[in-house]
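Values in this document were obtained by computation on a predicted structure and should not be read as measured data. Computed over heavy atoms, backbone and side chain alike; hydrogens, waters and symmetry mates excluded.
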Amino acid sequence: MSLFASVQMPVGGVLRLLRGDRSGLAMIGAQTRAGWIASFLVPGMLVLPAYLYLSLPDLDASDAPVHTLLLEALAYVVGLTLFPVAAHLLCTQWGKTRAWYDYVPAYNWAGVLQMAIYLPAAILSQSDAMDGLPLFAIGVAAVTAAVAIQFRVATVVLGIDRFQALSMVALELALGALLRQIVDRLQGG
């Protein structure tokens with residue numbers, strides 16, 4: 001299988017999930033232990049360059065760039081695992097423990113789609129190509145799309161109601177904000 005196909009198929013699966021078609025789970029390829037592990041590694045490696053690009057301003061502003069790079073790398077790894085572990089707790093509370101095993105790969109691959117939407121907006125915001133108001137609108141649209149993707153993946157894959165899906169999205173956002181605050185404090189910010 002080519003590299004393109006190994007990415008195209010799971011992202012296509014996420015797109016099916018976004019349309020409400022649970023058959024998209026089979027396209028993600030996480031039915032085996034190796035596929036489940038790959039659903040962490042491959043999306044993580046695909047999103048890593050974008051994460052590094054978005055971290056460049058922190059590296060440039062740092063008095064200790066090696067320390068900052070190591071801290072960002074650690075935060076990235078923690079970020080890849082923190083939400084899935086916390087989501088397991090919620091899924092267990094809701095009686096959706098088995099569905100969690102399908103949700104995590106879909107969540108990870110949805111992150112690739114989210115970054116494909118978010119990164120261009122972030123690059124635009126760092127350029128002088130547009131005025132503030134259109135940039136703000138683009139940023140809001142990108143964040144809204146990212147939240148909508150995670151909301152839809154949670155409702156379709158986990159089979160949960162809207163309130164529970166909002167809880168899942170809020171948990172992800174809160175953990176991300178908490179992790180960012182910890183990293184910023186450790187960087188002296």
Side-chain angles (χ1 to χ4, degrees), residues 6-7 10-11 13-14 17-18 22 24-52 54-55 58 67-119 143-187 189:
S6 66
V7 173
V11 171
V14 171
L17 291 171
L18 294 177
R22 286 184 52 86
L25 286 171
M27 294 173 69
I28 291 172
Q31 295 81 12
T32 65
R33 183 176 300 197
W36 204 82
I37 292 169
S39 77
F40 275 90
L41 297 177
V42 177
M45 296 305 289
L46 290 171
V47 172
L48 181 60
Y51 181 84
L52 289 174
L54 294 172
S55 299
D58 291 338
H67 176 265
T68 301
L69 182 63
L70 291 173
L71 194 56
E72 289 292 343
L74 179 61
Y76 186 71
V77 171
V78 169
L80 285 175
T81 56
L82 182 61
F83 175 71
V85 170
H88 187 270
L89 297 173
L90 276 182
C91 287
T92 300
Q93 287 288 332
W94 297 333
K96 299 289 184 175
T97 305
R98 174 65 199 116
W100 176 84
Y101 288 97
D102 291 333
Y103 173 68
V104 170
Y107 164 82
N108 289 337
W109 278 104
V112 173
L113 186 59
Q114 288 176 299
M115 188 57 81
I117 293 167
Y118 183 73
L119 184 61
V143 170
T144 301
V147 167
I149 288 168
Q150 287 305 338
F151 177 85
R152 183 68 172 160
V153 167
T155 56
V156 172
V157 175
L158 293 172
I160 55 179
D161 64 40
R162 290 180 177 157
F163 177 75
Q164 290 170 316
L166 284 173
S167 300
M168 195 68 82
V169 170
L171 176 65
E172 178 193 20
L173 293 173
L175 290 174
L178 176 64
L179 184 58
R180 186 77 250 157
Q181 280 187 332
I182 292 170
V183 169
D184 289 346
R185 287 211 178 175
L186 290 172
Q187 289 178 353

**Student:** Can you see which heavy atom on I160 is nearest to which on A154, and at what distance?
**Tutor:** CG1-O, 3.6 Å

**Student:** Do side-chain atoms of R22 reach the backbone of L17 as a donor and acceptor pair under 3.5 angstrom?
**Tutor:** no

**Student:** If you measure from CG on D102 to CG on L25, what distance do you get to the nearest 0.5 Å?
**Tutor:**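 So the CG of D102 and the CG of L25 are separated by 5.0 Å.
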
**Student:** When rounded to the nearest 0.5 angstrom, what distance separates CG in L41 from CG in L48?
**Tutor:** 12.0 Å

**Student:** Suppose we screen for side-chain contact (heavy atoms from CB on, under 4.5 Å). Which residues come up paired with I117, at least two apart in sequence or across chains?
**Tutor:** A142, A145, I149

**Student:** Sequence neighbours left out, what passes side-chain hydrogen bond (donor to acceptor under 3.5 Å, both in side chains) with Y51? Give chain and number order.
**Tutor:**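 side-chain hydrogen bond (donor to acceptor under 3.5 Å, both in side chains) list for Y51, sorted by chain: E72.
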
**Student:** Q164: which residues meet the side-chain hydrogen bond (donor to acceptor under 3.5 Å, both in side chains) condition with it, sequence neighbours left out?
**Tutor:** none

**Student:** State which residues pass side-chain hydrogen bond (donor to acceptor under 3.5 Å, both in side chains) with Y103; sequence neighbours excluded, sorted by chain then number.
**Tutor:** none

**Student:** Kindly determine whether I182 and V78 satisfy side chain to side chain contact (heavy atoms under 4.5 Å, CB included), including the steps that lead there.
**Tutor:** CA-CA 12 Å; I182 292 170; V78 169; over 6 Å; no

**Student:** What distance separates Y107 OH from L158 CG, expressed to the nearest 0.5 Å?
**Tutor:** 12.5 Å

**Student:** Any chance you could lay out the side chain to side chain contact (heavy atoms under 4.5 Å, CB included) test for L69 and L52, step after step, and finish with the verdict?
**Tutor:** CA-CA 9 Å; L69 182 63; L52 289 174; 4.2 Å; yes

**Student:** Q114 versus Q150: any side-chain heavy-atom pair under 4.5 Å?
**Tutor:** yes

**Student:** So does G44 get a backbone contact from the side chain of Y76, meaning a donor-acceptor N/O pair under 3.5 Å?
**Tutor:**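 Between the backbone of G44 and the side chain of Y76 there is a qualifying donor-acceptor contact (under 3.5 Å).
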
**Student:** If you take all heavy atoms of L18 and R152, which pair is closest and at what distance?
**Tutor:**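 Here L18 and R152 meet closest at O-NE, 3.0 Å.
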
**Student:** Can you name the nearest heavy-atom pair linking V157 to A106, along with the distance?
**Tutor:**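 In this case the closest contact between V157 and A106 is CG2-CB, 4.0 Å.
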
**Student:** List the atom pairs, donor and acceptor, that lie under 3.5 Å between side-chain atoms in residues 83-90 and the rest of the protein, sequence neighbours left out.
**Tutor:**
none

**Student:** Does anything in residues 29-39 pair up under side chain to side chain donor-acceptor pair (under 3.5 Å), and if so which pairs, sequence neighbours excluded?
**Tutor:** none

**Student:** Any idea which heavy atoms bring L186 and H67 closest together, and the distance?
**Tutor:**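 Looking at all heavy atoms of both residues, the shortest contact is O-CE1, 3.6 Å.
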
**Student:** Distance from M168 atom CE to T155 atom OG1, nearest 0.5 Å?
**Tutor:** 11.0 Å

**Student:** Rounded to the nearest 0.5 Å, what separation is found between the CG atom of L166 and the CZ atom of F151?
**Tutor:** 5.0 Å

**Student:** Between A50 and L119, which heavy-atom pair has the shortest distance, and what is it?
**Tutor:** CB-CD2, 3.8 Å

**Student:** Please round to the nearest 0.5 Å and tell me the distance separating atom CG of L74 and atom CG of L179.
**Tutor:**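 If we round to the nearest 0.5 Å, L74:CG and L179:CG are 8.5 Å apart.
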
